[in-house]
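These notes concern the structure reproduced below.
Counting starts at 1 for both ligands and their atoms, following the listed order. Nothing here was measured: the structure is a model prediction, and the numbers come from that model.
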Amino acid sequence: MALIVQKYGGTSVGSPDRIKNVARRVAKFKAQGHDLVVVVSAMSGETNRLIALAKEIQTNPDPRELDVIVSTGEQVTIGLLVMALKEQGLDAVSYTGAQVKILTDSAHTKARIQHIDDANMRADLNAGRVVVVAGFQGVDAQGNITTLGRGGSDTSGVALAAALKADECQIYTDVDGVYTTDPRVVPEARKLKTITFEEMLEMASLGSKILQIRSVEFAGKYNVKLRVLSSFQEEGEGTLITFEEDTDMEKPVISGIAFNRDEARINVIGVPDKPGIAYQILGPVADANIDVDMIIQNVGQDGTTDFSFTVPKGELNRAIKVLEGVQSQIGGKSVSGDDKICKVSIVGVGMRSHVGVASTMFRTLAEEGINIQMISTSEIKISVVVDEKYLELAVRVLHKAFGLDQQG
Ligand code: ADP
Ligand code: ASP
Ligand code: MG
């Protein structure tokens with residue numbers, strides 16, 4: 001008998017039939033004698049619909065009120081799932097984030113969980129009830145409803161598992177595990193039996209939407225046994241996120257390929273090549289609360305240099321305005337932006353002990369005539385920025401070049 005936290009994503013609860021299907025799966029685990037806490041997302045498409053609705057009233061929605069609106073998606077699903085569980089003859093109860101008391105900070109639309117009160121849930125579990133909790137949402141110290149950022153139900157699931165010291169956290173989704181890359185882009189992608197926390201963190205932070213990055217951080221920090229599985233298959237082990245590296249000698253050096261369509265590049269041309277210039281450019285951008293990812297400063301010539309960096313696509317116009325505002329102080333000939341770029345990254349702990357990974361990556365892209373605009377590396381990843389029209393091609397050829405394609 002174990003305590004299991006199961007999280008079901010939007011597609012898995014996307015229709016009444018699918019919710020009934022989730023209820024059947026929960027009943028099966030319950031019949032095996034397990035205690036269950038079930039975290040659910042909004043039905044697929046619902047969060048997008050609610051955001052679009054808000055934007056019809058306010059182009060830039062008020063963050064507090066936006067959280068009031070988008071959190072309703074999950075509230076509908078918890079009610080529906082408890083009804084479906086009752087139809088299965090199970091005793092169950094639903095909780096919103098505020099009812100559990102999932103306490104967060106007050107950063108609306110991207111709040112962080114600070115504490116979870118487990119008293120109500122424990123009492124229900126002890127009474128034999130299935131506990132159903134709304135993912136993606138919490139409440140701040142003042143009682144305001146908050147949400148955890150897109151994909152945040154993953155983090156709700158893992159955080160609840162950590163708070164309850166659950167034996168396992170199972171993330172049920174529309175694929176049967178973590179693949180070498182998004183199987184929607186590369187049909188030859190292979191399912192991984194295991195992936196290390198370190199690699200999963202990189203994959204998530206570099207754009208793989210299979211798990212929200214904070215959920216992986218939580219699982220690593222609190223030692224939560226985390227598994228990704230399909231809600232559409234009865235059997236299957238899914239992918240286990242582990243602390244141990246796979247020591248199989250035959251294993252490819254690269255574990256996976258991630259990509260991100262959501263970045264844009266800014267070029268600041270002809271700035272004086274002198275100490276402090278990076279700070280003068282990036283300081284005001286940081287003050288405007290815009291995240292900067294990759295940064296390149298070219299070697300100076302004739303006392304001037306070019307400076308490029310990437311920001312989220314949605315922040316491009318704001319970042320350009322900020323820089324135009326300070327251009328007279330910085331000097332520099334022009335500020336321009338390009339939102340037709342994407343970032344492709346290869347990830348793998350095997351890189352630590354292998355040479356030539358970068359050259360294989362660059363050669364593979366060159367052979368396809370794909371120009372690399374920016375490069376950044378860490379111990380276990382190499383990222384490049386390329387024209388967005390090459391995204392699929394780049395991911396596919398790299399997948400093949402590093403031996404990740406499915407056999408046969
Ligand atoms: P949910 O609604 O269940 O949270 P998401 O859409 O957030 O589901 O995440 C699942 C999707 O993640 C898959 O359908 C797949 O297209 C995408 N994905 C991206 N990278 C990967 C990967 N490396 N392995 C598996 N799926 C991936
Ligand atoms: N419903 C939220 C979203 O679409 C949270 C989630 O699905 O994890 O982002
Ligand atoms: Mg998700």
Side-chain angles (χ1 to χ4, degrees), residues 6-15 18 22 38-52 66-67 69-78 97 109-111 133-138 146-160 169-195 199-216 227-232 236 238-239 241 254-262 344-348 391-392 395 398-399 404 406:
Q6 299 188 331
K7 177 259 170 176
Y8 292 90
T11 328
S12 309
V13 294
S15 67
R18 289 187 172 173
V22 168
V38 183
V39 178
V40 285
S41 294
M43 295 168 79
S44 56
E46 181 62 5
T47 309
N48 287 344
R49 187 186 73 82
L50 291 166
I51 293 173
L66 185 61
D67 278 351
I69 295 165
V70 294
S71 61
T72 62
E74 273 71 12
Q75 187 168 336
V76 170
T77 326
I78 54 172
T109 76
K110 47 174 184 282
V133 180
F136 180 54
Q137 54 178 266
T146 54
T147 63
L148 310 178
R150 297 307 304 268
S153 296
D154 297 332
T155 302
S156 308
V158 177
L160 282 163
C169 180
Q170 302 173 339
I171 305 282
Y172 286 94
T173 182
D174 55 3
V175 280
D176 61 348
V178 179
Y179 277 66
T180 46
T181 192
D182 190 339
R184 285 186 218 212
V185 170
V186 182
E188 293 80 18
R190 243 179 336 108
K191 189 184 77 107
L192 299 164
K193 271 182 84 155
T194 62
I195 183 168
E199 290 170 327
M200 195 63 240
L201 264 181
E202 286 284 4
M203 292 279 281
S205 78
L206 294 167
S208 270
K209 294 205 166 69
I210 177 88
L211 286 175
Q212 198 198 34
I213 180 162
R214 283 184 191 168
S215 70
V216 190
R227 199 184 280 280
V228 177
L229 308 126
S230 164
S231 65
F232 302 123
T239 302
I241 325 292
I254 299 305
S255 296
I257 302 179
F259 51 83
N260 189 352
R261 294 187 168 92
D262 188 44
V344 176
S345 311
I346 58 175
V347 175
L391 187 141
E392 276 87 2
V395 176
L398 290 170
H399 198 266
L404 296 178
Q406 235 161 12

(request) List in chain and number order the residues that pass side chain to side chain donor-acceptor pair (under 3.5 Å) with S255, two or more places apart in sequence or in another chain; answer none if no residue qualifies. (result) E199, K251
(request) Go through ligand 2 atom by atom and flag the ones less than 4.0 Å from a non-hydrogen atom of S41. (result) 6 (C), 7 (O), 8 (O)
(request) Would you give the length of the straight line joining atom CG of D154 to atom CD1 of I171, rounded to the nearest 0.5 angstrom? (result) 5.0 Å
(message) Using every non-hydrogen atom in the two residues, find where N260 and L206 come nearest and quote the distance to one decimal.
(response) CB-O, 3.6 Å
(request) Begin with the C-alpha distance, continue with both residues' side-chain angles, and end with the deciding distance and a verdict on side-chain contact (heavy atoms from CB on, under 4.5 Å) for I78 and V133. (result) CA-CA 6 Å; I78 54 172; V133 180; 5.7 Å; no
(message) Tell me every residue that passes salt bridge (charged side-chain N to carboxylate O under 4.0 Å, His left out) with R150, counting only those two or more places apart in sequence or in another chain.
(response) none
(request) Check whether any heavy atom of Q212 sits under 4.0 Å from an atom of ligand 2. (result) no
(message) If I take atom CZ from residue F136 and atom CG from residue D67, how far apart are they, to the nearest 0.5 angstrom?
(response) 7.0 Å
(message) For ligand 2 and G10, I'd like to know whether there is a polar contact (N/O to N/O, distance under 3.5 Å).
(response) no
(request) Using distance alone, determine whether T47 and ligand 2 share an N or O pair under 3.5 Å. (result) yes
(request) Using distance alone, determine whether S153 and ligand 2 share an N or O pair under 3.5 Å. (result) yes
(message) The criterion is salt bridge (charged side-chain N to carboxylate O under 4.0 Å, His left out); which residues satisfy it with D174, sequence neighbours excluded?
(response) R184
(message) Please report the interatomic distance CD(E202) to CD1(I213), rounded to the nearest 0.5 Å.
(response) 8.0 Å
Enumerate the pairs of nitrogen or oxygen atoms, one from ligand 1 and one from the protein, separated by less than 3.5 angstrom; state names and distance to 0.1 Å.
{"unit_1": "ligand 1", "atom_1": "2 (O)", "unit_2": "G10", "atom_2": "N", "d": "3.1"}
{"unit_1": "ligand 1", "atom_1": "3 (O)", "unit_2": "T173", "atom_2": "OG1", "d": "2.7"}
{"unit_1": "ligand 1", "atom_1": "4 (O)", "unit_2": "K7", "atom_2": "NZ", "d": "3.1"}
{"unit_1": "ligand 1", "atom_1": "8 (O)", "unit_2": "T173", "atom_2": "OG1", "d": "3.1"}
{"unit_1": "ligand 1", "atom_1": "14 (O)", "unit_2": "D174", "atom_2": "OD1", "d": "2.8"}
{"unit_1": "ligand 1", "atom_1": "14 (O)", "unit_2": "D174", "atom_2": "OD2", "d": "3.4"}
{"unit_1": "ligand 1", "atom_1": "14 (O)", "unit_2": "R184", "atom_2": "NE", "d": "3.4"}
{"unit_1": "ligand 1", "atom_1": "14 (O)", "unit_2": "R184", "atom_2": "NH2", "d": "2.6"}
{"unit_1": "ligand 1", "atom_1": "16 (O)", "unit_2": "D182", "atom_2": "OD1", "d": "2.8"}
{"unit_1": "ligand 1", "atom_1": "16 (O)", "unit_2": "D182", "atom_2": "OD2", "d": "3.3"}
{"unit_1": "ligand 1", "atom_1": "16 (O)", "unit_2": "R184", "atom_2": "NE", "d": "2.7"}
{"unit_1": "ligand 1", "atom_1": "23 (N)", "unit_2": "Y179", "atom_2": "O", "d": "3.0"}
{"unit_1": "ligand 1", "atom_1": "24 (N)", "unit_2": "Y179", "atom_2": "N", "d": "2.8"}

(message) I need the nearest protein heavy-atom contact for atom 3 (C) of ligand 2: residue, atom name and distance, please.
(response) R150 NE, 3.4 Å
(message) Show the atoms of ligand 2 that are less than 4.0 angstrom away from any heavy atom in E74.
(response) 1 (N), 2 (C), 5 (C)
